[in-house]
Amino acid sequence: MIVETPIDLELTQLSGQTSQPPWYEVDGTFSNVVDVKGNSVIFNVKQSGDFLDFTYSGDASDKQAIDKLSYIFDLDFDLDKFYRYLGNHAELAEIPEFCSGLRLFLADDPFECIISSICSANNSIKRWTKSICQIKENWGDRFGNYYTFPKSNDLLKVYLDDEGEFNSSDIQDISMCTNNLKSCGVGYRAPYMRRASEMFTDEIDLHEIFKMCYDEAFETILEVPGVGPKVADCILLYGFNFREAFPSDVWIKRIVSHLYFEGKDISVAKVREFGMEEFGKNAGYVQLYMFHYARMSGLMKKLK
DNA sequence: TCGCAGGTAGAAC
DNA sequence: GTTCTACCTGCG
């Protein structure tokens, strides 16, 4: 099937958004298993020019499949209109030429996004991505070559570390204990992930968060250990489609400071307030574009 | 080798 | 309220 829409699929896939690791890529075709109305459906997506060419296999109608694909890659967002918006602001005007076709890569599974985002804190894209892939392979369900992310009540049962696994099983040699969270390289974030699994199993309903206003959702998600303001905004943006979120980290701080405050040092908290106030419903996209603009244009090296 | 990587928790001003 | 510091781990 064909969807006609401007997008740079590879850029979108590899942009490090904490919704999920990139899909599995072979010769430009990106594939993964996705939930469609409770059924596991395998998608194969390829870009050719301004078209998105895709096939799917599993229990879903064409319309359901297109709707799902449109949600995950945010295909209904009007990029041209957004570029006009950027063009009308002097500070942002040259951004689009460096990341044309970049779109939000939204989470199919919000819980995966929560754990991915917790994992991303004080971490590199490469390492958190690897950790999440290992979690999927260890405890997710397999469909063909692809794995779902484990549900919170399943992740809850996973041992935290070697010692926990050793003490609770009949394994004789502790070096054989590799079926635990820390074995996935998540480090000190393991207990945060465990607690998050508890909370989203019997304290917080994921579906309720979609219905909340931004402020309520932000406060709710901040209750999860390992989730501070930056991670909370990533979860709300990539996991729950709150487009007014403006995830603010050291890089966004440097970029905003450079573009708007003559390089003056301002707190990340102030940058977040500024971004939300200044960009409104475009905040999420502006943040996404700012980060990649800085990467692609060489600004990042200059600011470091 | 040692510092850093798209921050957070906990404690101290 | 704002500022300081330790922190798993893999990679250059």
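Naming convention: chains lettered A, B, ... in sequence-line order (proteins, then strands); numbering from 1 in each chain.
Between A/Tyr238 and A/Thr18 there is a side-chain heavy-atom pair separated by less than 4.5 Å.
Residues from residues 176-194 of chain A that place a heavy atom under 4.0 Å from any atom of DNA chain B, listed by number: A/Tyr188, A/Tyr192. DNA chain B is contacted by no residue of residues 260-281 of chain A, taking any non-hydrogen atom closer than 4.0 Å. Sorted by residue number, the members of residues 237-258 of chain A with any non-hydrogen atom under 4.0 Å from DNA chain B read A/Tyr238, A/Asp249, A/Val250, A/Trp251.
Other members of the hydrophobic cluster containing A/Met176, listed by chain and number, are A/Ile171; membership follows side-chain contacts under 4.5 Å among ILVMFWY residues, whether direct or relayed.
Computed from coordinates, the A/Glu163 CD to C/dC8 P distance equals 14 Å when rounded to whole Å. Taking atom CZ on A/Arg127 and atom C1' on C/dG10, their separation rounds to 6 Å, with Å as the unit. The separation between A/Gln134 atom CD and C/dC8 atom P is 19 Å, rounded to whole Å.
Between the side chains of A/Asn138 and A/Asn179, not a single donor N or O lies within less than 3.5 Å of an accepting N or O. Judged by distance alone, the side chains of A/Ser15 and A/Gln17 do bring a donor and an acceptor atom under 3.5 Å apart. Remark: the A/Ser152 side chain and the A/Thr201 side chain contain an N/O donor-acceptor pair separated by less than 3.5 Å.
Taking a pair as Watson-Crick or G-U wobble with both distances under 3.5 Å, DNA chain C forms stems of 3 or more consecutive pairs at B:2-5 with C:9-12, B:7-13 with C:1-7.
In this structure, the ring of A/Phe242 has its center no less than 6.0 angstrom from the ring center of A/Phe218. For A/Tyr285 and A/Tyr85, the gap between ring centers reaches or exceeds 6.0 Å.
Residue A/Ile125 is the one, among A/Ile125 and A/Val227, whose nearest nucleotide of DNA chain B lies closer to the 5' end (criterion: closest heavy atom). Summary of the strand contacts: A/Lys130 and A/Asn122 both lie near DNA chain C, and taking for each the nucleotide with the nearest heavy atom, the more 5' one is attributed to A/Asn122.
Around the CD atom of A/Glu163, the shell of radius 6.0 Å holds no more than 12 heavy atoms that belong to other residues, nucleotides or ligands. Counting non-hydrogen atoms of neighbouring residues, nucleotides and ligands closer than 6.0 angstrom, the CD atom of A/Glu137 exceeds 12 such neighbours.
The side-chain hydrogen bond (donor to acceptor under 3.5 Å, both in side chains) contacts involving residues 93-114 of chain A comprise A/Thr5-A/Arg103, A/Lys68-A/Asp108, A/Glu94-A/Tyr293, where partners must be two or more places apart or lie in separate chains. Counting only residues at least two apart or on different chains, the side-chain hydrogen bond (donor to acceptor under 3.5 Å, both in side chains) pairs with a member in residues 26-40 of chain A are A/Ser31-A/Asn44.
Qualifying side-chain contact (heavy atoms from CB on, under 4.5 Å) partners for A/Ala65, counting only residues two or more places apart in sequence or in other chains: A/Phe43, A/Phe54, A/Tyr56. Remark: A/Asp141 engages no residue in a salt bridge (charged side-chain N to carboxylate O under 4.0 Å, His left out) (not counting sequence neighbours). Applying the salt bridge (charged side-chain N to carboxylate O under 4.0 Å, His left out) test to A/Lys281 and every residue at least two apart in sequence or in another chain returns A/Glu244. When the salt bridge (charged side-chain N to carboxylate O under 4.0 Å, His left out) test is applied to A/Lys63, the partners found at least two apart in sequence or on another chain are A/Asp67.
Across all strands, A/Ser15 comes closer than 4.0 Å to base atoms (heavy-atom distances).
Between the P atoms of B/dG6 and C/dT2, the separation comes to 26 Å (whole Å). With P as the reference atom, C/dC8 and B/dA11 are 15 Å apart, rounded to whole Å.
In the hydrophobic clustering of ILVMFWY residues, with side-chain heavy atoms under 4.5 Å counting as a link, A/Met276 and A/Phe240 come out together.
Taking the 5' to 3' direction, DNA chain B first and last meets chain A under 4.0 angstrom from a heavy atom at B/dA5 to B/dA9.
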